[in-house]
Amino acid sequence: MDLKHSGTGAAENTDSYMAASKSTDMISPKEKESKGAKEGVGVGVGVGVGTGNAPPEGYKVYARRWAVLILFVLYSASNAMQWIQYTIINNIITRYYGISDKWVDWTSMIYMILYIPLIFPGSWFLDKVGLRITALVGIVGTCIGAWIKVCSVDPSLFYVSFIGQSIVALAQVCILSLPARLAAVWFGPDQCSSATSVGVFGNQLGVAIGFVLPPMLVPNSEDLETVGKDLQMMFYMVAGLTSVLLVLMVLFFQDKPPTPPSAAQEASQRLEGNEADQVSFMQSLKNLITNRNFILLLLSYGINVGVFYAISTLLNPVVLKYYPNHEVDAGRIGLSIVLAGMLGSVVSGIVLDKTHKFKETTLAVYALSMVGMWIFTFTLDTGHIAVVYLTASLLGFFMTGYLPVGFEFGAELTFPEPEGTSSGLLNASAQTFGICFTLFYSEIFTAFGDIAANTTMAVMLIVGTIITAATRSDLRRQNAHAGSAAGNP
């Protein structure tokens with residue numbers, strides 16, 4: 001627990017550091033200089049930020065930041081776990097509701113389709129109302145959608161389940177753009193990449209749960225009444241969890257710390273508070289779409305994550321082709337992909353924080369994702385499902401481990417534009433490619449088999465690797481931190 005200010009003057013426990021150093025040594029916090037005495041940190045053209053002097057006591061990071069981050073991780077997981085909830089038990093859902101497998105695929109793709117047109121209003125909303133209100137809107141939507149699905153347990157009520165799924169999908173607009181923004185608002189420059197990785201970790205955790213729990217809670221049964229009872233139990237569990245998280249978010253999720261944690265964030269907050277210098281959302285959007293390096297990242301990020309979405313959505317039929325009646329294993333293989341990706345995310349975040357080699361790390365992770373895809377493609381038919389577990393984990397370590405790397409590289413290339421906007425555009429690109437690749441993968445798989453479908457995805461990753469190599473390393477946010485350090489020797 002952090003110590004809040006009290007009437008006796010006790011202060012909250014904070015970590016303070018000097019901007020000129022990477023140290024996080026504890027030093028006595030002092031009162032901020034009055035607003036009128038502060039030196040400005042101006043936004044420069046082309047390089048991102050000109051700098052003034054950092055506060056003499058150094059920037060402070062607050063202990064409560066970890067509570068905010070953990071709450072976000074759980075909140076994000078509660079939404080993401082519902083994305084793959086139906087497709088991982090595709091054969092069971094089609095038999096219970098009497099629908100085609102294409103409709104089950106749409107329960108996954110609806111996440112992608114609804115996100116795309118709402119990314120711009122969602123990013124604008126985040127910029128206008130901040131982290132807390134945006135997160136609360138998201139958890140309310142996630143909770144409502146989960147409870148609607150509780151009422152859909154009847155073979156004739158698939159449309160009700162789809163409505164609930166669509167509401168949960170709408171709520172993700174208030175989630176996917178938040179990790180980079182939350183990290184920038186609450187964490188110092190030497191923890192920002194790691195915090196983003198942990199934030200993305202929440203989405204991956206949810207996907208992992210979505211892979212493993214449905215096959216365990218809803219086993220394949222010939223008795224449709226038994227299947228219905230199992231579905232009801234699963235829906236109640238998810239709805240109960242989201243309800244508890246809603247209460248926790250209302251009580252404990254905060255918008256921002258009392259003081260900015262870095263020179264870059266201080267500059268951003270000053271711009272937000274100065275209407276004369278504030279850049280409009282449309283101008284910010286224009287700056288992003290005319291940034292050559294960011295456009296290249298949009299393409300490469302979309303390809304990588306789009307391939308992941310396609311593989312995740314169609315994993316059940318692909319695994320069952322070689323290993324019939326192994327629905328639980330299909331879920332566990334998906335779990336292996338995501339768990340390995342969580343580890344990859346954390347490792348990538350630590351590497352970025354230690355080295356600040358954003359371009360090099362991004363390119364290496366991308367190229368290894370492509371290699372992992374080729375290995376996965378040609379080991380599915382070995383007859384040993386343990387091999388599939390191993391190769392899927394290798395693929396997941398790099399492919400889903402790439403997610404926070406892409407977010408952080410995007411934030412670097414686009415500073416001082418809002419992190420929520422750049423992250424939102426990256427996610428929109430991922431959803432667009434995800435829809436296209438999922439439909440394309442499904443058609444190729446049906447017509448020519450999994451080898452052709454997976455090979456096509458691997459070729460797409462080669463294209464993405466080439467685009468990543470062509471992206472220049474224009475680290476504007478790092479330049480802001482370095483300028484602050486130079487101004488405070």
Side-chain angles (χ1 to χ4, degrees), residues 73-93 104-105 107-108 111 168 172 197-220 230-231 233-235 237-238 241 304-305 307-348 369 372-373 375-377 379-380 382 384-404 434 438 441 450 454 457:
V73 166
L74 297 175
Y75 152 54
S76 177
S78 72
N79 183 279
M81 67 188 288
Q82 299 181 63
W83 166 54
I84 211 77
Q85 191 176 44
Y86 295 92
T87 57
I88 198 59
I89 50 174
N90 185 308
N91 56 320
I92 299 172
I93 295 295
V104 181
D105 292 346
T107 64
S108 167
Y111 265 66
V168 177
Q172 73 164 334
S197 298
V198 175
V200 174
F201 179 96
N203 184 270
Q204 295 172 319
L205 175 63
V207 175
I209 294 171
F211 270 124
V212 73
L213 278 188
M216 294 175 61
L217 296 175
V218 190
N220 198 356
D230 292 338
L231 283 172
M233 176 60 68
M234 179 175 70
F235 292 149
M237 288 177 62
V238 174
L241 172 65
N304 185 292
V305 183
V307 170
F308 169 68
Y309 286 163
I311 292 172
S312 299
T313 301
L314 279 302
L315 186 62
N316 175 273
V318 169
V319 171
L320 294 185
K321 175 183 176 181
Y322 293 105
Y323 307 95
N325 301 316
H326 280 65
E327 292 89 358
V328 173
D329 279 306
R332 289 174 179 169
I333 290 170
L335 174 67
S336 300
I337 292 174
V338 179
L339 288 180
M342 291 179 184
L343 178 60
S345 293
V346 173
V347 170
S348 298
S369 297
M373 186 67 208
I375 295 173
F376 177 75
T377 298
T379 55
L380 280 168
T382 60
H384 301 285
I385 200 165
V387 175
V388 182
Y389 274 94
L390 180 63
T391 56
S393 299
L394 177 66
L395 174 65
F397 182 87
F398 296 109
M399 181 170 285
T400 59
Y402 170 79
L403 300 179
T438 299
Y441 188 104
D450 63 288
N454 287 329
M457 296 298 104

Say you draw a straight line from [atom1] of [X] to [atom2] of [Y]; how long is it, rounded to the nearest 0.5 Å?
| X | Y | atom1 | atom2 | result |
| --- | --- | --- | --- | --- |
| S369 | F376 | OG | CZ | 13.5 Å |
| L335 | L213 | CG | CG | 9.0 Å |
| N220 | H326 | CG | NE2 | 13.0 Å |
| W83 | I88 | CH2 | CD1 | 9.5 Å |
| I89 | F211 | CD1 | CZ | 13.0 Å |
| L395 | T377 | CG | OG1 | 8.5 Å |

Requested in this report: Would you mind telling me which of N454, T313, D450 makes a side-chain hydrogen bond (donor to acceptor under 3.5 Å, both in side chains) with Y441?
Outcome: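 Filter result, single survivor: N454.
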For [X] against [Y], the heavy-atom pair lying closest together:
| X | Y | answer |
| --- | --- | --- |
| L217 | D230 | O-CB, 3.2 Å |
| G202 | S76 | C-OG, 3.7 Å |
| M234 | Q85 | CE-CG, 3.9 Å |
| A340 | S393 | CB-O, 3.1 Å |
| N79 | Q172 | OD1-CB, 3.5 Å |

Query - Option from T107, T87, L231 for which side chain to side chain contact (heavy atoms under 4.5 Å, CB included) with I93 holds - result: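 Running side chain to side chain contact (heavy atoms under 4.5 Å, CB included) over T107, T87, L231 with I93 returns exactly one hit, L231.
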Query - Residues in side chain to side chain donor-acceptor pair (under 3.5 Å) contact with D329, at least two apart in sequence or another chain - result: Y389
pair [X]-[Y]: side-chain heavy atoms closer than 4.5 Å:
| X | Y | result |
| --- | --- | --- |
| I337 | F308 | yes |
| I333 | I385 | yes |
| V338 | I209 | no |

Report task. Any chance you could lay out the side-chain contact (heavy atoms from CB on, under 4.5 Å) test for N90 and D105, step after step, and finish with the verdict? Result -> CA-CA 8 Å; N90 185 308; D105 292 346; 3.6 Å; yes
Query raised in the report: Have T379 and T391 got a donor and an acceptor in their side chains that come within less than 3.5 Å?
Result: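 A donor-acceptor contact under 3.5 Å links the two side chains.
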